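Everything numeric here is computed off the predicted structure, so don't read it as measured data. These values consider heavy atoms only, across backbone and side chains, with no hydrogens, waters or symmetry-generated copies.
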Amino acid sequence: SSGINAEYGVLYCDVVLADDSDRLQQLADQCLDFLIEKGLVDAESDTHNRRDVKLHCTLINTRWNSEGPPTIDATEMLSDDWELKNFGDFVLERMELNAMKKEHKGSDGYDSVTTLKLV
């Protein structure tokens with residue numbers, strides 16, 4: 001599998017650390033646990049019933065694109081002949097906590113809550 005998924009007008013790929021460890025996933029899950037513990041996230045009322053953070057890189061998202069097509073044709077990218085190339089290495093400089101807005105019209109759909117600088 002290439003690690004690419006096309007769902008509802010969104011194309012994303014998995015995040016893989018250079019050392020193939022799950023350190024970043026553990027950190028993200030610990031952040032979620034902290035938010036639940038402090039009462040900032042209600043795990044019981046999560047409509048998607050997610051318990052783990054899904055680390056990913058969004059490549060294309062047509063959800064709020066009112067001027068373009070509502071979906072993309074990722075058939076070629078999902079075929080066995082197509083391979084996702086490495087996007088390169090980078091240093092994770094910060095983590096951002098964002099809250100999804102109830103109304104997405106005219107915005108990117110998120111409010112910034114806080115930023116944690118890592119370097």
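- Members clustered with V16: none, using a 4.5 Å side-chain heavy-atom cutoff among hydrophobic residues.
- By the salt bridge (Lys or Arg N to Asp or Glu O under 4.0 Å) test, D20 pairs with no residue at all, sequence neighbours left out.
- When side chains are defined from C-beta on, E93 counts as touching V119, because their heavy atoms get closer than 4.5 Å.
- The structure places CD of Q30 at 7.5 Å from CG of D33, a figure rounded to the nearest 0.5 Å.
- Side-chain atoms of L97 and L35, non-hydrogen and from C-beta on, do get closer than 4.5 Å to each other.
- Atom OG1 of T114 is separated from atom CE of M95 by 10.5 Å, given to the nearest 0.5 angstrom.
- Scored by the salt bridge (Lys or Arg N to Asp or Glu O under 4.0 Å) test, E96 finds R94 as partners (sequence neighbours excluded).
- Partners of T58 under the side chain to side chain contact (heavy atoms under 4.5 Å, CB included) rule, at least two apart in sequence or in another chain, are V10, H56, N61.
- Residues passing the side chain to side chain contact (heavy atoms under 4.5 Å, CB included) test with K117: none are found, sequence neighbours excluded.
- Checked against side chain to side chain contact (heavy atoms under 4.5 Å, CB included), L55 has the following partners two or more places apart in sequence or in another chain: V15, L24, Q25, A28, V53.
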